[in-house]
Amino acid sequence: MKKLLLTLTVMLIALSMTFAAGAAESAAEDSGLIRVGIINNDPNESGYRTANDNDMKATFTEENGYDASFSYSLRNDEQIAAAQLYIQDEVDYLLISAAGTSGWDTVLQDAQNAGIGVILFDRTIDADPSLYLASIVSDMALEGETAVNWLASQGLDEYNIIHIQGVMGSAAQIGRTGALDAMVAANDNWNLVTQQTAEWNAETAQQITQAVIDSGEPFNVIYAENDDMARGAVAALDRANISHGVGGDVIIMGFDTNKWALEELLAGRWNYDGQCNPFQAAYIDEIIKNLEQGIQPAEKVIYLEERGFDATTITPEDVEKYGI
């Protein structure tokens, strides 16, 4: 008798849990919230990424009509695995800032087959455009061209460049590297003293720069593909008492326009900083709300407006307006 009562109790608990789970799922569906799975790079990667993540979290809230989940990784395979989990979870939209540009076709096709809309942000990928609804991104190639053209305008007799790259294969690295590689290939007086990845890390950038200093090879430009790496490189210069910035022996170039980096320009300690706009959430929100009303995006690719800043022309107003 006791065994029978125990069995019945277990069955009732199981039925109760099944009912509760079903009720919770039904409640989520009835809430009217738009379910989004957001896949981003590590927020601690840089000041840019922190601002980008904060922007996404401030926009994709229940108050704004969303049930949002967030996943982070600097590795493509981990991001793709997260996307597959969101597909299994039957989210309404996948929002992706890809760690790398390749390898996304299969998972995007799976999302499309499941009726899940995909919107790219921050970074482009190499995939059939029919597999995503829209792409809100920086024009990384233009960022690189703007920076390299500025460097060319400095009129140096010889350019001996320490080139510190970001995560290899990322859209930012490809765009910012491509323009410099093209200029070096086209001009005999442009030389790469070293070209290495620091994967956005300041400490690694400092080590790369210190190794060049220790080698005794001359250089007069540091082209770092984000602000944190530029800061790391400058730390090595300061340690070796090598002057830099306006009127210094070494030109310092970074990207992202962190507020502290623009303050370095304003003080004349750096020379150039390329803007990379982290605020894409409002664009995505508008696209999704329009899609929910049956309105397709007017453009497949939306490029954010960006510019480069020169230490000799930047103003305190620029620092306040554009610094992140």
Side-chain angles (χ1 to χ4, degrees), residues 44-48 143-144 146-168 172-173 176-177 179-181 183-184 187 189-276 308-314 318-319 322-324:
N44 298 313
E45 167 202 83
S46 63
Y48 168 90
E143 285 183 10
T146 301
V148 170
N149 288 339
W150 174 88
L151 183 55
S153 75
Q154 302 309 294
L156 304 184
D157 292 334
E158 191 170 57
Y159 291 84
N160 296 310
I161 305 163
I162 294 177
H163 180 197
I164 305 175
Q165 298 168 291
V167 171
M168 301 303 290
Q173 179 272 316
R176 296 168 190 173
T177 292
L180 183 59
D181 280 350
M183 187 66 80
V184 170
N187 294 275
N189 65 330
W190 286 60
N191 309 298
L192 292 177
V193 175
T194 191
Q195 184 179 58
Q196 298 183 56
T197 178
E199 297 190 332
W200 312 125
N201 183 268
E203 184 177 346
T204 306
Q206 182 175 352
Q207 293 168 357
I208 291 169
T209 305
Q210 188 63 53
V212 175
I213 294 170
D214 292 343
S215 76
E217 190 165 359
F219 61 92
N220 57 359
V221 177
I222 291 177
Y223 182 98
E225 292 184 355
N226 82 344
D227 290 339
D228 288 314
M229 296 189 300
R231 177 161 57 182
V234 166
L237 299 184
D238 288 341
R239 184 176 178 180
N241 293 316
I242 297 172
S243 65
H244 51 83
V246 178
D249 291 331
V250 181
I251 289 174
I252 305 299
M253 302 177 67
F255 290 86
D256 288 352
T257 60
N258 286 279
K259 187 174 182 180
W260 57 262
L262 294 185
E263 289 170 346
E264 292 295 301
L265 260 71
L266 192 63
R269 292 187 289 267
W270 290 19
N271 301 83
Y272 177 91
D273 204 31
Q275 185 184 18
C276 192
F309 293 92
D310 184 320
T312 64
T313 57
I314 194 171
D318 290 331
V319 175
Y322 297 103
I324 60 173

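Hydrogens, waters and symmetry mates are skipped; everything else that's a heavy atom, side chains included, is used.
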- If every non-hydrogen atom of Gly47 is compared with every non-hydrogen atom of Asn258, which pair is closest and at what distance? CA-OD1, 3.2 Å

- Message: For Gly166, is there any backbone N or O sitting under 3.5 Å from a side-chain donor or acceptor partner on Thr197?
- Response: yes

- Query: Near Gln154 CD, under 6.0 Å, is it more than 12 heavy atoms from other residues, nucleotides or ligands?
  - Reply: yes

- Item | Stepwise side chain to side chain contact (heavy atoms under 4.5 Å, CB included) check, Val221 with Tyr272 | CA-CA 11 Å; Val221 177; Tyr272 177 91; over 6 Å; no

- Item | Side-chain donor or acceptor of Asn187 paired with backbone N/O of Trp190 under 3.5 Å | no

- Message: Could you measure the distance from the CG atom of Asn201 to the CG atom of Asn226? Nearest 0.5 Å is fine.
- Response: 9.0 Å

- In Å and rounded to the nearest 0.5 Å, what is the CD1 to CD1 distance from Ile162 to Ile252? 8.5 Å

- Item | Heavy-atom check, side chain of Thr204 versus side chain of Met229, under 4.5 Å | no

- Query: Rounded to the nearest 0.5 Å, what separation is found between the CG atom of Asp214 and the OG1 atom of Thr209?
  - Reply: 10.5 Å

- Query: With distance as the sole criterion, is a donor-acceptor pair present between the side chains of Asn220 and Asn160 under 3.5 Å?
  - Reply: no

- Task: Kindly say whether Gly254 contributes a backbone atom to a donor-acceptor pair with the side chain of Asp227 at under 3.5 angstrom?
- Result: no

- Would you call Ile251 and Leu156 a side-chain contact if the rule is heavy atoms closer than 4.5 Å? yes

- Query: Are the side chain of Asp256 and the backbone N or O of Tyr48 linked by a donor-acceptor pair below 3.5 Å?
  - Reply: no

- I would like to know whether Phe219 and Ile213 meet side chain to side chain contact (heavy atoms under 4.5 Å, CB included); could you show each step before the answer? CA-CA 9 Å; Phe219 61 92; Ile213 294 170; 3.9 Å; yes

- Message: Could you measure the distance from the CE atom of Met253 to the CD1 atom of Ile164? Nearest 0.5 Å is fine.
- Response: 12.5 Å

- Sole residue of Tyr223, Phe309, Trp200, Trp150 in ring pair (Phe, Tyr, Trp, His ring centres under 6.0 Å) with Phe255: Tyr223

- Take the angle between the ring planes of Trp260 and Trp270 and call it parallel below 30°, perpendicular above 60°, tilted in between. perpendicular

- Decide whether Asp249 and Ser243 meet the rule of one side-chain donor and one side-chain acceptor closer than 3.5 Å. yes

- Message: Is a donor from one side chain sitting under 3.5 angstrom from an acceptor on the other, for His244 and Asn271?
- Response: no

- Query: Quick one: OG1 on Thr257 to CG on Asp318, what's the gap to the nearest 0.5 Å?
  - Reply: 10.5 Å

- Minimal heavy-atom distance between Ala202 and Asp228, with the atoms involved, is CB-O, 3.1 Å

- Note on the structure: One should read off an interatomic distance between Gln206 CD and Leu237 CG, to the nearest 0.5 angstrom, of 9.5 Å

- Note on the structure: In terms of heavy-atom contacts, Gly144 and Ala179 come closest through C-CB, 3.3 Å

With a 3.5 Å cut-off and sequence neighbours excluded, list the donor-acceptor pairs that the side chains of residues 261-269 form with protein atoms.
from   : atom 1 : to     : atom 2 : distance (Å)
Glu264 : OE1    : Arg269 : NE     : 2.9
Glu264 : OE2    : Arg269 : NE     : 3.4
Glu264 : OE2    : Arg269 : NH2    : 3.0

- side chain to side chain contact (heavy atoms under 4.5 Å, CB included) assessment of Asn189 paired with Asp157: CA-CA 7 Å; Asn189 65 330; Asp157 292 334; over 6 Å; no

- Item | Pairing residues for Thr177 by the side chain to side chain contact (heavy atoms under 4.5 Å, CB included) criterion, not counting sequence neighbours | His163, Gln165, Gln173, Asp181, Gln195, Glu225

